[in-house]
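Down below is the structure, laid out as C-alpha coordinates.
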Amino acid sequence: MKKDGLLDTLLYLGGVSGSTWSMSSLYSDPQWSTNMNTAVSKLSGPGVELEQALGWLIERAKEEHFSLTDVWGALTSAAFMKQMDLRHLSDDAGQNATNPYPIYSAIENSFSDGPIEGKWFEMSPHESGFPEMGLFIETSLLGSKFQDGRLLEKKPEMDMVKLQGIFGSALADVDIIREFIPSWLVSGQVDRGAEEYLRVYGTTQRLLVLTSNTVNDPAAVSDLNGLQKILKDKVNHNESVLPESRSLEESEDIFQQRIAEILESVQACCLNLEDGDLKTFVSLLTEQVLPLILKWEWGTTNNFLYQYQDFPIPSCLHRKESFQLIDAGLFINVSYPSFLGDKRDIDLIIAPEFSAGNMFETLTQARDYAAEVNKPFPKIDDKVLEERDWPKDCYVFEGKDKEPTIVYLPLFNRKNCKDAEEFSEKMEEFSTFQPPYSEEKMLSLLEMVKSNIKNNKETLLREINKAVLRRQNKRKPEPYFLPYPCCLL
(Lines give C-alpha, C1' and ligand atoms only; values in the text may rest on other atoms or scores of the structure.)
Protein backbone atom coordinates (compact mmCIF):
# COMPACT_ATOMS: atom_id res chain seq x y z
CA MET A 1 0.00 0.00 0.00
CA LYS A 2 2.89 2.35 0.72
CA LYS A 3 4.44 1.74 -2.70
CA ASP A 4 1.09 2.30 -4.40
CA GLY A 5 0.49 5.57 -2.54
CA LEU A 6 -2.42 4.16 -0.52
CA LEU A 7 -1.04 3.87 3.02
CA ASP A 8 -1.26 7.62 3.74
CA THR A 9 -5.04 7.47 3.29
CA LEU A 10 -5.41 5.25 6.36
CA LEU A 11 -6.28 6.78 9.70
CA TYR A 12 -6.39 3.46 11.62
CA LEU A 13 -4.82 0.01 11.46
CA GLY A 14 -6.79 -2.62 13.37
CA GLY A 15 -6.00 -6.20 14.23
CA VAL A 16 -6.93 -9.28 16.21
CA SER A 17 -5.15 -12.54 16.97
CA GLY A 18 -1.99 -13.19 14.92
CA SER A 19 -2.24 -9.92 12.99
CA THR A 20 -1.59 -8.07 16.26
CA TRP A 21 1.77 -9.82 16.47
CA SER A 22 2.70 -8.36 13.09
CA MET A 23 1.36 -4.96 14.15
CA SER A 24 3.40 -4.89 17.35
CA SER A 25 6.50 -5.94 15.41
CA LEU A 26 5.93 -3.17 12.85
CA TYR A 27 5.28 -0.46 15.42
CA SER A 28 8.47 -1.27 17.31
CA ASP A 29 10.05 0.80 14.51
CA PRO A 30 8.55 4.34 14.45
CA GLN A 31 9.44 4.57 10.74
CA TRP A 32 8.07 1.15 9.83
CA SER A 33 6.14 2.30 6.78
CA THR A 34 9.43 3.22 5.09
CA ASN A 35 11.40 0.21 6.42
CA MET A 36 9.29 -2.79 5.41
CA ASN A 37 12.28 -4.82 4.27
CA THR A 38 13.71 -4.56 7.78
CA ALA A 39 10.47 -5.94 9.23
CA VAL A 40 10.54 -8.94 6.89
CA SER A 41 14.22 -9.70 7.51
CA LYS A 42 13.59 -9.61 11.27
CA LEU A 43 10.87 -12.27 10.99
CA SER A 44 13.04 -14.52 8.86
CA GLY A 45 16.12 -14.09 11.05
CA PRO A 46 17.32 -16.11 14.05
CA GLY A 47 14.97 -16.55 16.99
CA VAL A 48 15.36 -15.53 20.60
CA GLU A 49 17.35 -17.90 22.80
CA LEU A 50 15.49 -19.77 25.54
CA GLU A 51 17.60 -17.98 28.17
CA GLN A 52 16.04 -14.61 27.30
CA ALA A 53 12.47 -15.93 27.18
CA LEU A 54 13.04 -17.82 30.42
CA GLY A 55 14.35 -14.71 32.20
CA TRP A 56 11.16 -12.84 31.25
CA LEU A 57 8.96 -15.75 32.41
CA ILE A 58 10.70 -16.08 35.77
CA GLU A 59 9.97 -12.42 36.48
CA ARG A 60 6.31 -12.75 35.43
CA ALA A 61 5.91 -15.87 37.58
CA LYS A 62 6.41 -13.67 40.66
CA GLU A 63 3.33 -11.59 39.81
CA GLU A 64 -0.14 -12.03 41.28
CA HIS A 65 -1.85 -12.82 37.98
CA PHE A 66 0.73 -15.07 36.31
CA SER A 67 -1.20 -17.14 33.77
CA LEU A 68 -0.86 -19.27 30.65
CA THR A 69 -1.00 -16.03 28.67
CA ASP A 70 2.48 -15.14 29.96
CA VAL A 71 3.91 -18.49 28.90
CA TRP A 72 2.26 -18.31 25.49
CA GLY A 73 3.35 -14.69 24.98
CA ALA A 74 6.99 -15.42 25.84
CA LEU A 75 7.30 -18.53 23.66
CA THR A 76 5.47 -17.12 20.62
CA SER A 77 7.45 -13.87 20.85
CA ALA A 78 10.70 -15.82 20.93
CA ALA A 79 9.84 -18.45 18.31
CA PHE A 80 7.69 -16.55 15.81
CA MET A 81 8.31 -12.81 16.19
CA LYS A 82 12.04 -13.27 16.89
CA GLN A 83 12.14 -10.59 19.60
CA MET A 84 11.19 -10.02 23.24
CA ASP A 85 9.52 -6.65 22.77
CA LEU A 86 9.70 -4.99 26.20
CA ARG A 87 8.26 -1.62 25.19
CA HIS A 88 4.77 -0.60 26.31
CA LEU A 89 1.78 0.10 24.10
CA SER A 90 1.40 3.56 25.65
CA ASP A 91 4.91 4.38 24.35
CA ASP A 92 3.38 4.52 20.86
CA ALA A 93 1.19 7.48 21.88
CA GLY A 94 3.95 9.86 20.84
CA GLN A 95 4.99 7.96 17.72
CA ASN A 96 5.16 9.21 14.15
CA ALA A 97 1.67 10.47 13.33
CA THR A 98 2.13 9.62 9.64
CA ASN A 99 1.64 5.94 10.48
CA PRO A 100 -1.97 4.70 10.88
CA TYR A 101 -3.11 4.74 14.50
CA PRO A 102 -3.02 1.15 15.87
CA ILE A 103 -6.06 -0.49 17.51
CA TYR A 104 -5.53 -3.94 19.06
CA SER A 105 -8.48 -6.09 20.15
CA ALA A 106 -9.21 -8.89 22.61
CA ILE A 107 -12.36 -10.27 24.22
CA GLU A 108 -13.38 -10.60 27.84
CA ASN A 109 -13.85 -14.31 28.55
CA SER A 110 -14.78 -14.67 32.23
CA PHE A 111 -18.52 -14.55 31.66
CA SER A 112 -19.56 -16.63 28.66
CA ASP A 113 -23.23 -15.84 29.32
CA GLY A 114 -22.62 -12.12 29.94
CA PRO A 115 -24.10 -9.34 27.79
CA ILE A 116 -22.61 -8.64 24.36
CA GLU A 117 -21.67 -5.10 25.47
CA GLY A 118 -19.14 -6.58 27.88
CA LYS A 119 -17.43 -8.78 25.28
CA TRP A 120 -15.27 -6.79 22.84
CA PHE A 121 -12.22 -5.15 24.40
CA GLU A 122 -9.85 -2.85 22.54
CA MET A 123 -6.46 -1.36 23.33
CA SER A 124 -4.75 1.61 21.76
CA PRO A 125 -1.71 3.66 22.82
CA HIS A 126 -4.00 6.04 24.71
CA GLU A 127 -6.89 4.02 26.12
CA SER A 128 -8.16 0.49 26.71
CA GLY A 129 -11.68 -0.67 27.43
CA PHE A 130 -15.11 -1.75 26.29
CA PRO A 131 -16.25 0.22 23.21
CA GLU A 132 -19.90 -0.83 23.40
CA MET A 133 -20.18 0.58 26.93
CA GLY A 134 -17.90 3.53 26.21
CA LEU A 135 -15.84 2.74 29.32
CA PHE A 136 -12.09 3.10 29.00
CA ILE A 137 -8.98 3.54 31.09
CA GLU A 138 -5.56 4.93 30.26
CA THR A 139 -3.66 2.05 28.68
CA SER A 140 -0.72 2.61 31.03
CA LEU A 141 -3.08 1.80 33.95
CA LEU A 142 -4.56 -1.41 32.54
CA GLY A 143 -3.79 -4.10 35.14
CA SER A 144 -3.68 -1.68 38.06
CA LYS A 145 -6.13 -2.16 40.95
CA PHE A 146 -9.28 -0.04 41.02
CA GLN A 147 -12.42 0.08 43.14
CA ASP A 148 -15.41 2.28 42.30
CA GLY A 149 -13.27 4.14 39.77
CA ARG A 150 -10.52 4.97 42.29
CA LEU A 151 -6.94 3.85 41.73
CA LEU A 152 -5.92 1.70 44.71
CA GLU A 153 -2.58 0.34 43.52
CA LYS A 154 -0.66 1.20 40.38
CA LYS A 155 0.91 -1.83 38.75
CA PRO A 156 3.65 -1.83 36.09
CA GLU A 157 2.22 -1.52 32.60
CA MET A 158 2.09 -4.74 30.59
CA ASP A 159 4.80 -4.95 27.93
CA MET A 160 4.19 -6.07 24.35
CA VAL A 161 5.28 -9.65 25.11
CA LYS A 162 2.43 -9.97 27.61
CA LEU A 163 -0.01 -8.24 25.25
CA GLN A 164 0.96 -10.56 22.39
CA GLY A 165 0.09 -13.44 24.70
CA ILE A 166 -3.35 -11.89 25.26
CA PHE A 167 -4.09 -10.91 21.66
CA GLY A 168 -2.94 -14.18 20.11
CA SER A 169 -4.13 -16.73 22.66
CA ALA A 170 -6.30 -18.87 20.37
CA LEU A 171 -5.04 -21.87 22.33
CA ALA A 172 -7.30 -20.72 25.19
CA ASP A 173 -10.19 -22.28 23.25
CA VAL A 174 -10.49 -25.96 24.20
CA ASP A 175 -11.88 -26.74 20.73
CA ILE A 176 -8.54 -25.63 19.26
CA ILE A 177 -6.72 -28.04 21.58
CA ARG A 178 -8.84 -30.92 20.27
CA GLU A 179 -7.27 -30.56 16.83
CA PHE A 180 -4.06 -32.03 18.26
CA ILE A 181 -5.65 -35.00 20.04
CA PRO A 182 -6.04 -38.54 18.63
CA SER A 183 -9.46 -38.96 17.05
CA TRP A 184 -10.33 -42.02 19.14
CA LEU A 185 -10.25 -39.87 22.29
CA VAL A 186 -12.09 -36.84 20.94
CA SER A 187 -14.83 -38.87 19.28
CA GLY A 188 -15.58 -40.66 22.51
CA GLN A 189 -17.31 -39.44 25.63
CA VAL A 190 -15.73 -36.04 26.33
CA ASP A 191 -16.75 -35.45 29.93
CA ARG A 192 -15.04 -33.23 32.48
CA GLY A 193 -12.21 -35.69 33.10
CA ALA A 194 -11.51 -36.17 29.40
CA GLU A 195 -11.59 -32.42 28.75
CA GLU A 196 -9.08 -31.77 31.53
CA TYR A 197 -6.82 -34.41 30.05
CA LEU A 198 -7.18 -32.85 26.59
CA ARG A 199 -6.06 -29.51 28.00
CA VAL A 200 -3.06 -30.87 29.88
CA TYR A 201 -1.74 -33.00 27.03
CA GLY A 202 -2.55 -30.62 24.15
CA THR A 203 -1.21 -27.48 25.82
CA THR A 204 1.94 -29.16 27.10
CA GLN A 205 2.72 -30.49 23.62
CA ARG A 206 2.21 -27.07 21.99
CA LEU A 207 4.45 -25.37 24.56
CA LEU A 208 7.18 -27.95 24.02
CA VAL A 209 7.00 -27.47 20.24
CA LEU A 210 7.39 -23.71 20.68
CA THR A 211 10.26 -24.22 23.13
CA SER A 212 12.12 -26.35 20.59
CA ASN A 213 12.22 -23.28 18.31
CA THR A 214 14.23 -21.39 20.96
CA VAL A 215 16.85 -24.11 21.50
CA ASN A 216 19.96 -24.62 19.34
CA ASP A 217 21.99 -27.06 21.45
CA PRO A 218 21.67 -30.53 19.84
CA ALA A 219 21.56 -32.29 23.21
CA ALA A 220 18.76 -30.02 24.45
CA VAL A 221 16.82 -30.50 21.19
CA SER A 222 17.16 -34.25 21.61
CA ASP A 223 15.89 -34.03 25.19
CA LEU A 224 12.87 -32.02 24.10
CA ASN A 225 12.08 -34.42 21.27
CA GLY A 226 12.35 -37.30 23.72
CA LEU A 227 9.89 -35.68 26.12
CA GLN A 228 7.43 -35.00 23.30
CA LYS A 229 7.65 -38.64 22.21
CA ILE A 230 7.03 -39.86 25.76
CA LEU A 231 3.90 -37.71 26.02
CA LYS A 232 2.69 -38.81 22.60
CA ASP A 233 3.14 -42.45 23.59
CA LYS A 234 1.14 -41.78 26.74
CA VAL A 235 -1.83 -40.43 24.84
CA ASN A 236 -1.65 -42.96 22.02
CA HIS A 237 -2.94 -45.82 24.16
CA ASN A 238 -5.32 -47.96 22.17
CA GLU A 239 -8.93 -46.90 22.68
CA SER A 240 -9.67 -50.33 24.11
CA VAL A 241 -7.93 -49.16 27.30
CA LEU A 242 -11.00 -47.02 27.96
CA PRO A 243 -14.20 -48.90 28.80
CA GLU A 244 -16.89 -48.16 26.19
CA SER A 245 -19.44 -47.66 28.91
CA ARG A 246 -18.26 -45.85 31.99
CA SER A 247 -19.73 -43.64 34.66
CA LEU A 248 -18.60 -40.06 35.14
CA GLU A 249 -16.78 -41.09 38.31
CA GLU A 250 -14.93 -43.90 36.51
CA SER A 251 -14.00 -41.58 33.65
CA GLU A 252 -12.69 -38.92 36.00
CA ASP A 253 -10.58 -41.48 37.87
CA ILE A 254 -9.11 -42.81 34.60
CA PHE A 255 -8.19 -39.40 33.26
CA GLN A 256 -6.86 -38.14 36.58
CA GLN A 257 -4.52 -41.13 36.51
CA ARG A 258 -3.48 -40.22 32.95
CA ILE A 259 -2.81 -36.62 33.99
CA ALA A 260 -0.70 -37.88 36.89
CA GLU A 261 1.32 -39.96 34.39
CA ILE A 262 2.00 -36.87 32.29
CA LEU A 263 3.15 -34.93 35.36
CA GLU A 264 5.39 -37.82 36.42
CA SER A 265 6.90 -38.02 32.91
CA VAL A 266 7.75 -34.32 32.86
CA GLN A 267 9.19 -34.47 36.40
CA ALA A 268 11.30 -37.54 35.57
CA CYS A 269 12.58 -35.82 32.43
CA CYS A 270 13.52 -32.75 34.48
CA LEU A 271 15.55 -34.83 36.93
CA ASN A 272 17.55 -36.37 34.10
CA LEU A 273 18.38 -33.08 32.36
CA GLU A 274 21.73 -31.40 32.76
CA ASP A 275 21.73 -28.11 34.66
CA GLY A 276 20.94 -25.22 32.36
CA ASP A 277 18.16 -23.17 30.79
CA LEU A 278 16.18 -26.17 29.53
CA LYS A 279 16.14 -27.81 32.96
CA THR A 280 15.04 -24.52 34.54
CA PHE A 281 12.24 -24.21 31.99
CA VAL A 282 10.99 -27.78 32.43
CA SER A 283 11.08 -27.24 36.19
CA LEU A 284 8.97 -24.07 35.74
CA LEU A 285 6.62 -26.08 33.53
CA THR A 286 6.20 -28.73 36.21
CA GLU A 287 5.87 -26.50 39.25
CA GLN A 288 3.96 -23.46 37.95
CA VAL A 289 2.66 -23.95 34.41
CA LEU A 290 0.96 -27.35 34.67
CA PRO A 291 -1.14 -26.19 37.66
CA LEU A 292 -2.27 -23.24 35.51
CA ILE A 293 -3.25 -25.67 32.75
CA LEU A 294 -5.37 -27.61 35.23
CA LYS A 295 -7.07 -24.35 36.30
CA TRP A 296 -7.16 -23.20 32.63
CA GLU A 297 -6.22 -19.67 33.58
CA TRP A 298 -5.62 -17.24 30.70
CA GLY A 299 -5.26 -13.47 30.60
CA THR A 300 -6.24 -12.70 34.20
CA THR A 301 -6.22 -8.91 34.61
CA ASN A 302 -7.36 -6.58 37.40
CA ASN A 303 -10.83 -5.28 36.60
CA PHE A 304 -10.89 -1.46 36.42
CA LEU A 305 -14.71 -1.58 36.58
CA TYR A 306 -14.79 -3.40 39.92
CA GLN A 307 -17.66 -1.93 41.98
CA TYR A 308 -17.86 1.08 39.66
CA GLN A 309 -21.02 3.07 40.54
CA ASP A 310 -21.35 5.88 38.00
CA PHE A 311 -22.54 3.74 35.07
CA PRO A 312 -24.83 0.70 34.79
CA ILE A 313 -22.17 -2.02 34.57
CA PRO A 314 -23.23 -5.63 33.87
CA SER A 315 -23.28 -7.37 37.25
CA CYS A 316 -20.76 -9.99 36.11
CA LEU A 317 -18.17 -7.22 35.59
CA HIS A 318 -19.25 -5.08 38.53
CA ARG A 319 -18.70 -7.69 41.23
CA LYS A 320 -15.42 -9.33 40.15
CA GLU A 321 -11.97 -7.97 41.02
CA SER A 322 -10.47 -9.43 37.85
CA PHE A 323 -11.48 -10.51 34.37
CA GLN A 324 -9.85 -12.57 31.62
CA LEU A 325 -8.74 -11.21 28.26
CA ILE A 326 -8.12 -13.62 25.39
CA ASP A 327 -7.86 -13.79 21.59
CA ALA A 328 -10.67 -11.82 19.90
CA GLY A 329 -10.37 -14.09 16.87
CA LEU A 330 -12.25 -16.73 18.83
CA PHE A 331 -15.25 -14.39 18.59
CA ILE A 332 -14.78 -12.48 15.30
CA ASN A 333 -11.46 -12.97 13.52
CA VAL A 334 -11.31 -9.48 11.98
CA SER A 335 -11.56 -6.33 14.09
CA TYR A 336 -14.79 -4.90 12.63
CA PRO A 337 -16.38 -4.13 16.05
CA SER A 338 -13.77 -1.47 16.85
CA PHE A 339 -14.69 0.49 13.73
CA LEU A 340 -18.49 0.45 13.73
CA GLY A 341 -20.69 3.26 14.97
CA ASP A 342 -20.20 6.90 15.90
CA LYS A 343 -17.04 6.75 18.01
CA ARG A 344 -14.68 6.66 15.01
CA ASP A 345 -17.33 7.42 12.37
CA ILE A 346 -15.55 5.35 9.72
CA ASP A 347 -16.39 5.92 6.04
CA LEU A 348 -14.35 3.11 4.51
CA ILE A 349 -13.04 -0.20 5.87
CA ILE A 350 -10.40 -2.02 3.80
CA ALA A 351 -10.52 -5.63 4.96
CA PRO A 352 -7.92 -8.08 3.59
CA GLU A 353 -9.42 -11.46 4.55
CA PHE A 354 -6.59 -13.67 5.85
CA SER A 355 -8.64 -15.65 8.38
CA ALA A 356 -8.79 -19.39 8.73
CA GLY A 357 -12.25 -20.94 8.44
CA ASN A 358 -14.95 -20.38 5.86
CA MET A 359 -14.70 -17.40 3.52
CA PHE A 360 -17.09 -14.55 4.43
CA GLU A 361 -17.52 -16.00 7.93
CA THR A 362 -15.99 -12.98 9.67
CA LEU A 363 -18.07 -10.66 7.51
CA THR A 364 -21.38 -12.30 8.41
CA GLN A 365 -20.34 -12.52 12.06
CA ALA A 366 -19.63 -8.78 12.03
CA ARG A 367 -22.99 -8.11 10.39
CA ASP A 368 -24.77 -10.12 13.09
CA TYR A 369 -22.75 -8.38 15.82
CA ALA A 370 -23.64 -4.96 14.39
CA ALA A 371 -27.32 -5.88 14.39
CA GLU A 372 -27.12 -7.04 18.01
CA VAL A 373 -25.48 -3.82 19.24
CA ASN A 374 -27.52 -1.63 16.89
CA LYS A 375 -24.62 -0.35 14.76
CA PRO A 376 -24.85 0.48 11.01
CA PHE A 377 -23.44 -2.19 8.66
CA PRO A 378 -23.67 -2.47 4.85
CA LYS A 379 -25.96 -5.01 3.20
CA ILE A 380 -24.37 -8.32 2.15
CA ASP A 381 -25.97 -10.03 -0.84
CA ASP A 382 -26.56 -13.70 0.01
CA LYS A 383 -25.57 -14.64 -3.56
CA VAL A 384 -22.04 -13.48 -2.80
CA LEU A 385 -21.83 -15.96 0.07
CA GLU A 386 -22.31 -18.80 -2.42
CA GLU A 387 -18.82 -18.03 -3.78
CA ARG A 388 -17.09 -18.98 -0.51
CA ASP A 389 -15.35 -22.05 -1.99
CA TRP A 390 -13.60 -20.02 -4.69
CA PRO A 391 -14.01 -16.28 -4.09
CA LYS A 392 -13.13 -13.33 -6.29
CA ASP A 393 -10.16 -11.18 -5.30
CA CYS A 394 -12.26 -8.15 -4.35
CA TYR A 395 -15.80 -7.36 -3.19
CA VAL A 396 -17.24 -3.95 -2.40
CA PHE A 397 -20.11 -3.76 0.07
CA GLU A 398 -21.28 -0.19 -0.28
CA GLY A 399 -22.52 1.62 2.78
CA LYS A 400 -25.46 4.00 2.83
CA ASP A 401 -26.05 6.88 5.26
CA LYS A 402 -24.04 5.99 8.38
CA GLU A 403 -22.97 2.53 7.14
CA PRO A 404 -19.26 2.20 6.29
CA THR A 405 -18.30 0.86 2.88
CA ILE A 406 -16.26 -2.35 3.12
CA VAL A 407 -13.68 -3.37 0.51
CA TYR A 408 -13.20 -7.08 1.14
CA LEU A 409 -10.03 -8.70 -0.25
CA PRO A 410 -9.73 -12.50 0.08
CA LEU A 411 -6.09 -13.58 0.34
CA PHE A 412 -6.61 -16.63 -1.86
CA ASN A 413 -8.96 -16.07 -4.77
CA ARG A 414 -9.75 -16.63 -8.44
CA LYS A 415 -6.73 -14.60 -9.51
CA ASN A 416 -4.14 -16.72 -7.68
CA CYS A 417 -5.97 -20.07 -7.48
CA LYS A 418 -7.10 -21.75 -10.70
CA ASP A 419 -10.04 -23.54 -9.09
CA ALA A 420 -11.79 -24.38 -5.81
CA GLU A 421 -9.43 -27.29 -5.21
CA GLU A 422 -6.31 -25.11 -5.34
CA PHE A 423 -8.06 -22.55 -3.14
CA SER A 424 -8.67 -25.25 -0.53
CA GLU A 425 -5.06 -26.44 -0.80
CA LYS A 426 -3.73 -22.91 -0.20
CA MET A 427 -5.97 -22.44 2.82
CA GLU A 428 -4.56 -25.67 4.24
CA GLU A 429 -0.94 -24.83 3.35
CA PHE A 430 -1.13 -21.53 5.24
CA SER A 431 -3.32 -22.74 8.10
CA THR A 432 -2.90 -21.30 11.58
CA PHE A 433 -1.10 -23.80 13.82
CA GLN A 434 2.25 -24.68 12.30
CA PRO A 435 5.92 -23.87 12.94
CA PRO A 436 7.35 -20.47 11.93
CA TYR A 437 7.40 -20.00 8.14
CA SER A 438 10.65 -20.32 6.24
CA GLU A 439 11.83 -17.17 4.48
CA GLU A 440 10.82 -18.72 1.14
CA LYS A 441 7.28 -19.42 2.35
CA MET A 442 7.02 -15.97 3.90
CA LEU A 443 8.11 -14.20 0.71
CA SER A 444 5.76 -16.33 -1.39
CA LEU A 445 2.85 -15.29 0.82
CA LEU A 446 3.89 -11.62 0.75
CA GLU A 447 4.02 -11.64 -3.05
CA MET A 448 0.43 -12.87 -3.18
CA VAL A 449 -0.65 -10.17 -0.75
CA LYS A 450 1.14 -7.46 -2.74
CA SER A 451 -0.49 -8.68 -5.95
CA ASN A 452 -3.93 -8.48 -4.32
CA ILE A 453 -3.36 -4.79 -3.57
CA LYS A 454 -1.85 -4.00 -6.99
CA ASN A 455 -4.65 -5.81 -8.85
CA ASN A 456 -7.28 -3.84 -6.96
CA LYS A 457 -5.55 -0.47 -6.73
CA GLU A 458 -8.10 1.21 -9.01
CA THR A 459 -11.00 -0.16 -6.97
CA LEU A 460 -9.39 1.05 -3.76
CA LEU A 461 -8.75 4.52 -5.21
CA ARG A 462 -12.33 4.74 -6.45
CA GLU A 463 -13.74 3.82 -3.03
CA ILE A 464 -11.33 6.19 -1.26
CA ASN A 465 -12.48 9.04 -3.51
CA LYS A 466 -16.12 8.17 -2.83
CA ALA A 467 -15.33 8.19 0.89
CA VAL A 468 -13.84 11.69 0.51
CA LEU A 469 -17.02 12.91 -1.16
CA ARG A 470 -19.18 11.34 1.56
CA ARG A 471 -17.12 13.06 4.23
CA GLN A 472 -17.30 16.41 2.47
CA ASN A 473 -21.07 16.10 2.09
CA LYS A 474 -21.40 15.33 5.80
CA ARG A 475 -19.58 18.59 6.64
CA LYS A 476 -20.56 20.81 3.73
CA PRO A 477 -20.64 24.13 5.63
CA GLU A 478 -16.88 23.91 6.23
CA PRO A 479 -15.05 25.35 3.19
CA TYR A 480 -11.71 23.63 3.64
CA PHE A 481 -10.69 20.03 3.00
CA LEU A 482 -11.11 17.69 5.94
CA PRO A 483 -9.47 14.32 6.53
CA TYR A 484 -11.79 11.33 6.44
CA PRO A 485 -11.69 8.17 8.51
CA CYS A 486 -10.47 5.12 6.63
CA CYS A 487 -9.08 1.97 8.26
CA LEU A 488 -7.31 -1.26 7.35
CA LEU A 489 -8.22 -4.45 9.26
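In this model, no donor atom of one side chain and acceptor atom of the other lie less than 3.5 Å apart for Tyr336 and Gln365. Residues Thr20 and Gln164 have side chains that never bring a donor and an acceptor to within less than 3.5 angstrom of each other. Side-chain contact of Ser124 with Tyr104: a donor-acceptor pair under 3.5 Å is absent, judged by distance alone. Side-chain N/O atoms of Glu422 and Ser424 include no donor and acceptor closer than 3.5 Å. A donor-acceptor contact closer than 3.5 angstrom links the side chains of Glu297 and Thr300. Using modelled atom types and a 3.5 Å distance limit, the side chains of Tyr201 and Glu196 yield no donor-acceptor pair. At a cut-off of 3.5 Å, with distance as the only test, a side-chain donor of Glu157 or Ser90 sits close to an acceptor on the other residue.
In this structure, Lys441 forms a cation-pi arrangement with Phe430, its terminal cationic atom sitting closer than 6.0 Å to the ring centre and no more than 45° off the ring axis. With Phe423 as the aromatic partner, Lys392 does not meet the cation-pi criteria of under 6.0 angstrom to the ring centre and within 45 degrees of the ring axis.
In terms of heavy atoms, Met448 sits closest to Lys426 at CE-NZ, 4.5 Å. Nearest heavy atom pair, residue Cys394 against residue Asn456, reads CB-OD1, 3.1 Å.
Side-chain atoms of Glu463 do not come within 3.5 Å of backbone N or O of Glu398 as any donor-acceptor pair. Within the 3.5 Å criterion, the main-chain N or O of Leu171 finds no donor-acceptor partner in the side chain of Ser169. In this structure, the side chain of Thr203 does not engage the main chain of Val200 through any donor-acceptor pair within 3.5 Å.
Side-chain rings of Tyr27 and Trp32 approach one another, their centers coming within less than 6.0 Å. Ring-centre distance between Phe339 and Tyr12: below the 6.0 Å cut-off. Aromatic rings of Phe360 and Tyr408 (six-membered ring for Trp) have centroids within the 6.0 Å cut-off, being under it.
Going from atom NZ of Lys162 over to atom NE2 of His88 covers 12.0 Å, rounded to the nearest 0.5 Å. Taken from OG in Ser335 to CG in Leu340, the straight-line distance is 9.5 Å, to the nearest 0.5 Å. Cys417 contributes atom SG, which lies 6.5 Å from atom CG of Asn413 (distance to the nearest 0.5 angstrom). The CG atom of Leu208 sits 6.0 Å away from atom CG of Leu285, with the distance rounded to the nearest 0.5 Å. To the nearest 0.5 Å, atom CG of residue Leu89 and atom CG of residue Leu142 are 9.5 Å apart. In this structure, OG1 on Thr9 lies 3.5 Å from CD1 on Ile464, to the nearest 0.5 angstrom.
A salt bridge does not link Glu403 to Lys400: none of the charged side-chain nitrogens sits closer than 4.0 Å to a carboxylate oxygen. For the pair Lys42 and Glu439, the salt-bridge criterion is not met [side-chain N within less than 4.0 Å of a carboxylate O]. A salt bridge does not link Lys375 to Asp342: none of the charged nitrogens lies less than 4.0 Å from a carboxylate oxygen. Electrostatic pairing of Arg471 and Asp345 counts as a salt bridge here, judged by a charged N lying under 4.0 Å from a carboxylate O. Ionic pairing of Asp85 and Arg87 is present here: one or more N-O contacts between side-chain nitrogen and carboxylate oxygen are shorter than 4.0 angstrom. Ion pairing between a basic and an acidic side chain is recognised when a charged N comes within 4.0 Å of a carboxylate O; Asp347 and Lys466 show no such pairing. One finds a salt bridge joining Arg344 and Glu122 here, because a Lys/Arg side-chain nitrogen approaches an Asp/Glu carboxylate oxygen to under 4.0 Å. Comment: Asp70 does not engage Arg60 in a salt bridge, judged by the lack of any side-chain N to carboxylate O separation of less than 4.0 angstrom.
Aromatic ring pairs are classed by plane angle as parallel below 30°, tilted from 30° to 60° and perpendicular above 60°; the pair Trp120 and Phe331 is tilted. Below 30°, between 30° and 60°, or above 60°: for Trp298 and Trp296 the angle between ring planes is above 60°, a perpendicular geometry. Classification of the Tyr197-Phe255 ring pair by plane angle, with boundaries at 30° and 60°, yields tilted.
Tested against Pro314 for a side-chain contact (heavy atoms from CB on, under 4.5 Å), the candidates Glu108, Glu117, Met133 yield a single pass: Met133. Residue Ser105 is tested with Ser19, Ser338, Ser17 for a side chain to side chain donor-acceptor pair (under 3.5 Å); the sole match is Ser338.
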Exercise for review: Given side-chain contact (heavy atoms from CB on, under 4.5 Å), test Leu43 with Phe80 step by step and report yes or no.
Suggested key: CA-CA 7 Å; Leu43 291 174; Phe80 286 92; over 6 Å; no

